[in-house]
Amino acid sequence: QMAEPFLYDTGRRSQYGCLGHEVEIEHIKAYVCRPSFFTDRAVIVVHDIFGWMFPDIRYIVDLIAGHGYITICPDFFKGTDPWKTTDHWGDFADWMKAHDPMKVDKEADVVLKYLKEQCGAKKIGVVGFSWGGMAVHHLMLKNPQLTAGVSLYGRIIRDSEERYNLLNPTFFIFGEKDHTISYDQV
């Protein structure tokens, strides 16, 4: 049986009233928040295992938009169920197989097209948390359209010789005492 991969205090912002709105872009839904003034800079937020509707991730989207970026969090799970705090950790490995953070390219392309064509974005970065941090590492290895990336607490892609061949600046943030990503892996 798999131990809890991490501890996460959910629900702190469960009453958070969002500032943005939901949109549908091709085959995916997304949460978007814009600053009060025009900008050609955008940030894609890649959610963690709790998905794009989780109040904490929407708070982050609104926070980044408040700093002057068009900010969007697409549903990288494409309508499938996110992980729930009531799910059993023994099922986590199977859940991850169905929610592979290395299979986000199609959705990223759809969102990039939307940001460029519908929002006028010229410089686009990406930030992701945990599951999303792994997706950011993957995207920064594959997609030159992303001008910068930030991976927070995302496990590093270890099974690829190309894992160091980042196309643009990428900032990895880890916790020194993180029990899922050991210090020697960093």
Side-chain angles (χ1 to χ4, degrees), residues 8 10-84 98-154 167-173:
Y8 187 81
T10 60
R12 263 192 212 181
R13 299 188 209 297
S14 61
Q15 303 303 314
Y16 177 70
C18 300
L19 301 174
H21 63 280
E22 292 182 10
V23 295
E24 196 154 340
I25 312 165
E26 293 186 26
H27 69 287
I28 52 175
K29 292 183 178 181
Y31 176 72
V32 180
C33 191
R34 294 176 179 241
S36 58
F37 53 87
F38 175 80
T39 181
D40 63 356
R41 297 171 189 268
V43 175
I44 299 168
V45 175
V46 187
H47 55 73
D48 62 12
I49 63 172
F50 297 110
W52 76 290
M53 296 180 80
F54 192 53
D56 289 21
I57 205 71
R58 291 189 174 198
Y59 173 80
I60 296 296
V61 170
D62 293 350
L63 185 72
I64 295 171
H67 285 276
Y69 299 89
I70 302 160
T71 313
I72 185 167
C73 180
D75 177 11
F76 282 99
F77 296 162
K78 302 168 285 220
T80 64
D81 286 336
W83 185 260
K84 293 179 271 323
H99 298 84
D100 187 343
M102 306 319 141
K103 294 186 176 164
V104 293
D105 299 291
K106 185 177 179 188
E107 289 68 41
D109 288 343
V110 166
V111 171
L112 284 162
K113 180 180 173 192
Y114 168 82
L115 288 170
K116 289 177 178 181
E117 293 179 4
Q118 303 297 316
C119 304
K122 290 186 173 47
K123 287 195 171 194
I124 303 170
V126 61
V127 59
F129 301 84
S130 189
W131 184 95
M134 289 185 281
V136 165
H137 187 184
H138 168 78
L139 288 168
M140 294 308 292
L141 292 168
K142 304 288 182 190
N143 198 318
Q145 297 179 75
L146 295 165
T147 56
V150 180
S151 170
L152 294 99
Y153 310 110
L167 300 176
N168 280 309
T170 308
F171 186 43
F172 292 88
I173 299 173

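Just the heavy atoms: all of them, side chains too, but no hydrogens, waters or symmetry mates, feed the values below.
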Practice task
Would you mind telling me which of Leu146, Val104, Leu112 makes a side-chain contact (heavy atoms from CB on, under 4.5 Å) with Val126?
Solution key: Leu146
Distance (rounded to the nearest 0.5 Å) between [X] [atom1] and [Y] [atom2]:
X: Leu152; Y: Ile60; atom1: CG; atom2: CD1; result: 8.5 Å
X: Ile70; Y: Cys33; atom1: CD1; atom2: SG; result: 11.0 Å
X: Ile173; Y: Tyr153; atom1: CD1; atom2: OH; result: 7.0 Å
X: Asp40; Y: Leu115; atom1: CG; atom2: CG; result: 11.5 Å
X: Ile72; Y: Arg34; atom1: CD1; atom2: CZ; result: 9.0 Å
X: Cys73; Y: Phe54; atom1: SG; atom2: CZ; result: 12.0 Å

Completion exercise
Tested for ring pair (Phe, Tyr, Trp, His ring centres under 6.0 Å) against His99, the lone hit among Phe77, Trp131, Trp83 is Phe77
For the side chain of [X] and the backbone of [Y], is there at least one donor-acceptor N/O pair under 3.5 Å apart?
X: His47; Y: Phe76; result: yes
X: Thr147; Y: Gln145; result: no
X: His138; Y: Asp105; result: no
X: Arg58; Y: Trp52; result: yes

Do [X] and [Y] have side chains that get closer than 4.5 Å, going by heavy atoms?
X: Ile25; Y: Lys113; value: no
X: Met53; Y: Glu22; value: yes
X: Val136; Y: Phe171; value: no
X: Asn143; Y: Asp109; value: yes
X: Phe129; Y: Asp56; value: no
X: Tyr114; Y: Val23; value: yes
X: Thr170; Y: Leu141; value: no

Practice task
Show your reasoning for whether side chain to side chain contact (heavy atoms under 4.5 Å, CB included) applies to Glu107 and Glu26.
Solution key: CA-CA 9 Å; Glu107 289 68 41; Glu26 293 186 26; over 6 Å; no
Give the minimum heavy-atom separation between [X] and [Y], together with the two atoms involved.
X: Val46; Y: Ala135; value: CG1-CB, 3.9 Å
X: Gly51; Y: Ile57; value: O-CG2, 3.6 Å
X: Lys142; Y: Leu167; value: C-CD1, 3.5 Å
X: Cys119; Y: Phe38; value: O-CE1, 4.4 Å
X: Ala108; Y: Leu139; value: CB-CD2, 3.7 Å
X: Thr71; Y: Ala65; value: OG1-N, 3.3 Å

Exercise for the section: For Lys84, look at atom NZ and say whether over 12 heavy atoms of other residues, nucleotides or ligands are found less than 6.0 Å away. Expected result: yes
Exercise for the section: Not counting sequence neighbours, which residues clear side chain to side chain donor-acceptor pair (under 3.5 Å) with Lys123? List them please. Expected result: none
